[in-house]
There are 2 protein chains.
Amino acid sequence: MSDELRDLPLRERKKARTRRALAETALRLFTERGYDATTLDDLCDAVEVSRRTFFRNYRSKEDVALAADSDLWSAYLDDVAARELTGPLIEALRAVLDITLGAMDPDWERRFLAARELSDAVPALQAHSLGYCHDTTRALVEVVSGRPGADVDPWRLRLSVEIFVAAWRTASLRWTAQGGHGGRDTLMKLVEETFADLPAALTSPA
Amino acid sequence: MSDELRDLPLRERKKARTRRALAETALRLFTERGYDATTLDDLCDAVEVSRRTFFRNYRSKEDVALAADSDLWSAYLDDVAARELTGPLIEALRAVLDITLGAMDPDWERRFLAARELSDAVPALQAHSLGYCHDTTRALVEVVSGRPGADVDPWRLRLSVEIFVAAWRTASLRWTAQGGHGGRDTLMKLVEETFADLPAALTSPA
DNA sequence: ACAGCTAATGCCACTGAGTGGCATTGTCGC
DNA sequence: GCGACAATGCCACTCAGTGGCATTAGCTGT
């Protein structure tokens with residue numbers, strides 16, 4: 001039994017197991033059979049829960065497919081909220097991303113890679129993933145602009161955060177494009193390289 | 001009769017009218033009643049076509065809602081393909097965007113503003129709109145990297161295009177946030193200002 | 001160990017987006 | 001006017017998503 005569940009009451013443990021089983025089985029079936037070729041009934045049958053229970057755990061079919069994306073952004077926003085950001089904003093956001101990536105559970109990058117590969121193949125999942133980034137962008141702007149001493153132009157702040165997401169998307173695409181080899185260490189290295197390339201990308205000739 | 005349709009055969013004219021009527025009525029009903037509160041049956045009844053015909057014209061309910069987004073990106077990609085890009089890539093892409101925005105039909109920004117406002121209220125539409133940007137990003141990368149003499153690092157190219165989209169999204173959000181006042185002239189001015197702010201956004205403190 | 005309370009589950013019937021086959025209708029070219 | 005072709009609409013369907021409520025399971029107090 002994983003550490004997070006050990007001290008929970010049985011009911012909570014059972015709920016958490018159901019939630020994980022849905023996410024794990026969903027990823028497996030979506031990868032093996034294809035996202036569109038797998039119905040929610042297929043998934044629920046495989047996990048032996050009802051569709052009603054599925055929708056108690058996930059808001060949509062896309063949500064269960066992209067649980068790894070959601071886990072990342074959730075944890076990231078918690079980490080940003082818990083830390084003071086210093087120096088250039090984009091650099092500070094990237095530093096916290098490093099922390100969050102490092103702290104994701106040991107199995108996270110396998111699930112994330114699978115989710116990314118599904119997204120590359122299914123437009124609805126790609127759009128949903130972008131929706132998570134959009135929600136994260138809005139939340140980041142809220143967190144940063146709500147801080148004492150925050151005096152930056154709100155639209156410059158928004159632009160900075162959008163650039164942060166642009167760099168992250170590019171880095172994760174690089175990582176996926178080479179098959180996720182090297183796991184999260186390589187992902188983190190590519191994130192670093194991509195962010196370091198921002199100034200050059202701004203002035204790069206056509 | 002608008003200029004584009006005058007010289008077309010009757011069948012083509014009728015198809016184009018149906019397509020426009022669907023988009024126009026969709027925008028009106030989605031704005032008046034709410035996106036989720038309006039069914040495809042409601043829309044088809046109002047335009048007096050079948051759902052089958054709806055799906056001959058649009059791929060999804062989201063597609064008809066965001067027809068103005070789609071129109072923009074379609075025209076933009078055509079304009080990029082038709083022109084030589086010189087100078088820094090982001091600046092060249094922005095210059096073509098200026099051209100495309102200027103050339104959109106007179107009614108475009110009204111439809112675009114309505115689409116943006118719906119997107120801000122409906123997550124599925126926001127995600128769909130982001131999906132269009134993603135598709136445009138991929139297409140731009142194809143166009144630019146496929147050119148003779150194109151020698152830039154493909155990931156730097158990708159990053160540049162993602163930054164371009166980030167700036168556009170920020171500029172259009174600025175425009176929407178002030179209610180679209182000043183029409184496309186203001187939108188274009190905000191695009192210019194936002195792109196000019198990129199270097200500062202890169203180094204802006206937290 | 002049991003009873004009462006609360007929360008979760010699953011059944012069921014439903015809505016609405018999306019789909020495809022095919023008969024009917026309308027347009028086009030001669 | 002006619003034949004060919006394209007578009008339309010009907011119809012029956014699938015599947016994602018939803019909500020009410022009876023049943024089941026877990027928790028707590030005695």
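Numbers restart at 1 for each chain; the letters A, B, ... are given by sequence-line order, proteins then strands. Since the model is a prediction, treat every value here as computed from it, not as a measurement.
- Side chain of A:W155 to backbone of B:T170: no donor-acceptor contact under 3.5 angstrom is found.
- Judged as a side chain to side chain donor-acceptor pair (under 3.5 Å), the pairs with a partner in residues 72-85 of chain A (not counting sequence neighbours) are, in order, A:D79-A:T100.
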*asked:* Within the 4.0 Å limit for protein heavy atoms, which parts of nucleotides 23-30 of chain D are touched? Write it as a string from 5' to 3', B for base, S for sugar-phosphate only, - for none.
replied: --BBS---
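- For the side chain to side chain donor-acceptor pair (under 3.5 Å) test, no residue two or more places apart in sequence or in another chain qualifies with A:T31.
- For the pair A:R19 and A:Y58, the cation-pi test (distance below 6.0 Å, angle within 45°) is passed.
- For residues 7-31 of chain B, the set of pairs meeting the ring pair (Phe, Tyr, Trp, His ring centres under 6.0 Å) definition, not counting sequence neighbours, comprises B:F30-B:Y35.
- Listed by chain and number, the residues in a side chain to side chain donor-acceptor pair (under 3.5 Å) with A:R94 are A:E91 (sequence neighbours excluded).
- Taking a 4.0 Å limit (strictly below) on heavy-atom distances, residues 57-71 of chain B reaches DNA chain C at B:S60, B:K61, B:E62.
- Across residues 114-124 of chain A, not one residue has a non-hydrogen atom less than 4.0 Å from an atom of DNA chain D.
- For residues 32-50 of chain B, proximity to DNA chain C is found at B:T38, B:T39, B:L40, defined as any non-hydrogen atom under 4.0 angstrom from a strand atom.
- You can see that DNA chain C meets the heavy atoms of chain A within a 4.0 Å-exclusive cut from C:dT6 to C:dC11, reading 5' to 3'.
- Using a 4.5 Å heavy-atom cutoff, the side chains of A:L97 and A:L101 are in contact.
- Partners of B:D42 under the salt bridge (charged side-chain N to carboxylate O under 4.0 Å, His left out) rule, at least two apart in sequence or in another chain, are B:R33.
- Here salt bridge (Lys or Arg N to Asp or Glu O under 4.0 Å) pairs that include residues 120-133 of chain A, with residues two or more places apart or in two chains, number zero.
- Residue pairs meeting the salt bridge (Lys or Arg N to Asp or Glu O under 4.0 Å) criterion with at least one partner in residues 170-182 of chain A, sequence neighbours excluded, are A:R174-A:E193.
- The distance between atom CZ of B:R52 and atom P of D:dA6, rounded to the nearest whole Å, is 15 Å.
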